[in-house]
Number of protein chains: 2
Amino acid sequence: MSYTGLYQSQHLRTACSNCSVSELCLPFGLTGPEIQQLDKLIVQRFKVKKNLALYRTGDPLRSLYAVRIGSFKTNVISVNGREQVTGFQMPGELLGLDAISTEIHGCNAFALEDSEVCPIHFAHLEKLAGELPSLQHNLNKILSREIVRDHDMLMTLGNMNSEERLAAFLLNLSQRLSMRGYSPTHFLLKMRREEIGSYLGLRLETICRSIAHLRDRGLVEISGRDVEIHNLKGLNQLVAGCHRLRLG
Amino acid sequence: MSYTGLYQSQHLRTACSNCSVSELCLPFGLTGPEIQQLDKLIVQRFKVKKNLALYRTGDPLRSLYAVRIGSFKTNVISVNGREQVTGFQMPGELLGLDAISTEIHGCNAFALEDSEVCPIHFAHLEKLAGELPSLQHNLNKILSREIVRDHDMLMTLGNMNSEERLAAFLLNLSQRLSMRGYSPTHFLLKMRREEIGSYLGLRLETICRSIAHLRDRGLVEISGRDVEIHNLKGLNQLVAGCHRLRLG
DNA sequence: CGTGTGTTTGATGAATTTCAAAGCAGGTGG
DNA sequence: CCACCTGCTTTGAAATTCATCAAACACACG
């Protein structure tokens with residue numbers, strides 16, 4: 001069995017397994033005729049084989065990348081050789097935003113499976129943004145949203161125990177997949193336990209044990225990379241108290 | 001004794017205790033005549049008393065704020081009432097970047113001491129950025145730099161023990177202060193132990209004990225809020241192995 | 001000089017890491 | 001097609017770190 005889909009086995013596929021150009025424009029919040037402007041930037045596409053780098057720390061920023069097919073992880077390697085995973089990206093999401101500050105990539109991006117991306121030449125994007133206020137506005141929003149996401153992650157690492165972190169992680173994947181039309185309750189993990197652990201600030205053994213705990217509570221069934229969420233509500237309750245209090 | 005300075009007692013002051021308008025333009029990377037354009041946006045200034053909020057979660061985004069005098073913390077309160085400090089801001093730094101995504105503030109900003117800020121009306125800033133490509137470019141960079149900072153923080157929380165986290169925190173303050181012309185080795189903390197703990201994902205008692213450990217190693221002398229770094233090199237070595245490996 | 005807030009230190013217990021070993025799955029070559 | 005590797009996952013037992021609970025202390029302020 002082979003997967004062209006992502007985080008989702010073929011027979012479960014309920015939506016497109018890849019992203020069209022106009023879908024790639026979605027993060028930029030563009031509609032109608034403006035898409036055609038952005039279209040001009042999203043002309044190329046290329047494949048990245050599993051475990052190969054899309055870019056590496058220190059590479060100059062040429063393009064941002066929109067994931068079309070597959071999935072990626074971004075990580076930073078410390079002097080003493082430890083990996084810190086800073087994020088996982090799936091189709092329709094952007095890679096490389098952190099490089100804008102220095103115009104040099106500050107992390108590595110590796111394909112977790114055979115994948116395909118569309119490069120978006122950054123200098124051209126900025127030029128186009130200068131002409132299209134709504135594009136500029138949305139670029140600001142995209143960058144800001146990334147900051148919000150990171151703050152949520154800080155909250156996860158600062159306030160949650162291992163079981164809650166794993167639950168929050170699974171719910172996050174579930175939500176992002178359902179946004180793209182996939183099943184929110186049944187999907188495949190493309191990363192190893194060790195990578196999940198790095199992302200969540202835990203050791204891989206702790207991830208295994210937390211999986212076992214969630215299983216014992218009857219909330220999920222996870223065998224290998226295959227995830228089945230039995231009780232979405234229960235998972236949500238587990239992390240509810242740790243979430244951002246929304247006012248206004 | 002009263003402090004108009006920030007993180008720095010009066011008698012130690014070696015640089016300006018507040019930021020002029022042109023200094024506030026520094027984060028935007030502008031020089032020469034362009035500053036005069038930005039000047040038009042930075043016209044007001046107002047004071048925020050210690051412990052009062054500059055803005056709160058749920059407030060609509062009207063302005064970003066440049067800290068002129070004093071210091072702030074940003075935090076998020078979770079449903080179960082726990083505080084997560086997401087950052088500390090000192091003069092010359094910007095507040096409110098995370099609100100751009102939703103146009104609603106996603107966190108609270110509190111003054112840690114009597115402070116003064118310059119509001120930068122965001123709609124006007126975006127409009128001006130549309131006319132000044134270099135301003136737009138720098139706004140992108142500022143947002144991206146915030147993402148990089150957050151990634152470094154994820155690394156701190158994911159890979160370091162309590163002592164290393166505290167050392168990294170002190171070095172970070174030291175570096176930001178020295179950039180502004182203050183002593184990198186002698187300064188005052190404006191936040192409580194509990195707030196440092198929240199920021200570093202530790203309890204306040206653990207902060208106290210980590211302080212004691214660093215003192216026992218002869219690296220620092222901290223009594224109350226007064227910090228004296230005796231061995232900057234030693235502190236750096238402590239966290240060196242956990243830092244980003246730079247290639248290229 | 002008392003009161004309240006913030007800090008320090010100690011004793012204990014819980015959660016997570018570390019070390020170790022066994023089990024499983026997928027891919028490769030005989 | 002099977003056997004064997006190799007890399008990944010799971011589980012157990014011991015060690016460690018950090019959180020929790022508790023109490024004393026320090027300091028600023030009215």
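In what follows, every heavy atom counts, from backbone to side chain, and hydrogens, waters and symmetry copies are set aside. Order of the sequence lines sets the chain letters (A, B, ...), proteins ahead of strands, with each chain counted from 1.
Closest to the B:Ile211 side chain, of the nucleotides C:dT18, D:dC18, C:dT8, is C:dT8. Set against D:dT10, C:dT9, C:dT17, the side chain of B:Arg215 has C:dT9 as its closest nucleotide. In the set C:dT9, D:dA19, D:dT11, the nucleotide with an atom closest to the side chain of B:Ala212 is C:dT9.
Within 4.0 Å (heavy atoms only), A:Gly201 reaches sugar-phosphate atoms of the nucleic acid but no base atom. Using a 4.0 Å heavy-atom cutoff across all strands shown, A:Arg225 reaches sugar-phosphate atoms only and no base atom. The residue A:Ile207 sits apart from the nucleic acid: no heavy atom pair falls under 4.0 Å.
A salt bridge links A:Glu116 to A:Lys47: at least one charged side-chain nitrogen sits closer than 4.0 Å to a carboxylate oxygen. Between B:Glu205 and B:Arg203 no salt bridge is recorded (no basic side-chain N to carboxylate O distance below 4.0 Å).
In this structure, CZ of B:Arg192 is placed 21 Å from P of D:dA26, rounded to the nearest angstrom. We find that CG of A:Asn161 is positioned 11 Å from P of C:dT17, with the value rounded to whole Å. Between the CZ atom of B:Arg193 and the P atom of D:dC27 there is a distance of 12 Å, given to the nearest Å. Rounded to an integer number of Å, the gap from CG of A:Leu204 to P of C:dC19 is 13 Å. Rounded to whole angstrom, the span from the CG atom of A:Leu166 across to the P atom of D:dT9 amounts to 13 Å. As rounded to whole Å, 13 Å separates atom P of D:dT10 from atom CG of A:Asp216. C:dT8 atom P lies 12 Å from atom CG of B:Asp226, rounded to whole Å. Atom pair A:His213:NE2 and D:dG12:P shows a separation of 10 Å (rounding to whole Å applied).
Between the side chain of B:Glu163 and the base of D:dC18, no donor-acceptor pair under 3.5 Å is found. Contact of A:Glu195 with D:dC8 (side chain to base): no donor-acceptor pair of N or O atoms is detected under 3.5 Å.
The phosphate of C:dT17 has OP1 or OP2 within less than 4.0 Å of a side-chain N or O from A:Thr206. When the side-chain nitrogen and oxygen atoms of A:Arg209 are compared with OP1 and OP2 of C:dT16, none of them lie within a distance under 4.0 Å. Distances shorter than 4.0 Å separate none of the side-chain N or O atoms of B:Arg203 from OP1 or OP2 on D:dC21.
Between B:Phe88 and B:Tyr199, the ring center distance clears the sub-6.0 Å criterion.
Side chains of B:Asp226 and B:His186: a donor on one and an acceptor on the other come within 3.5 Å.
With B:Cys107 as reference, B:Asp98 is the one residue of B:Asn75, B:Asp98, B:Leu95 to meet the side-chain contact (heavy atoms from CB on, under 4.5 Å) rule.
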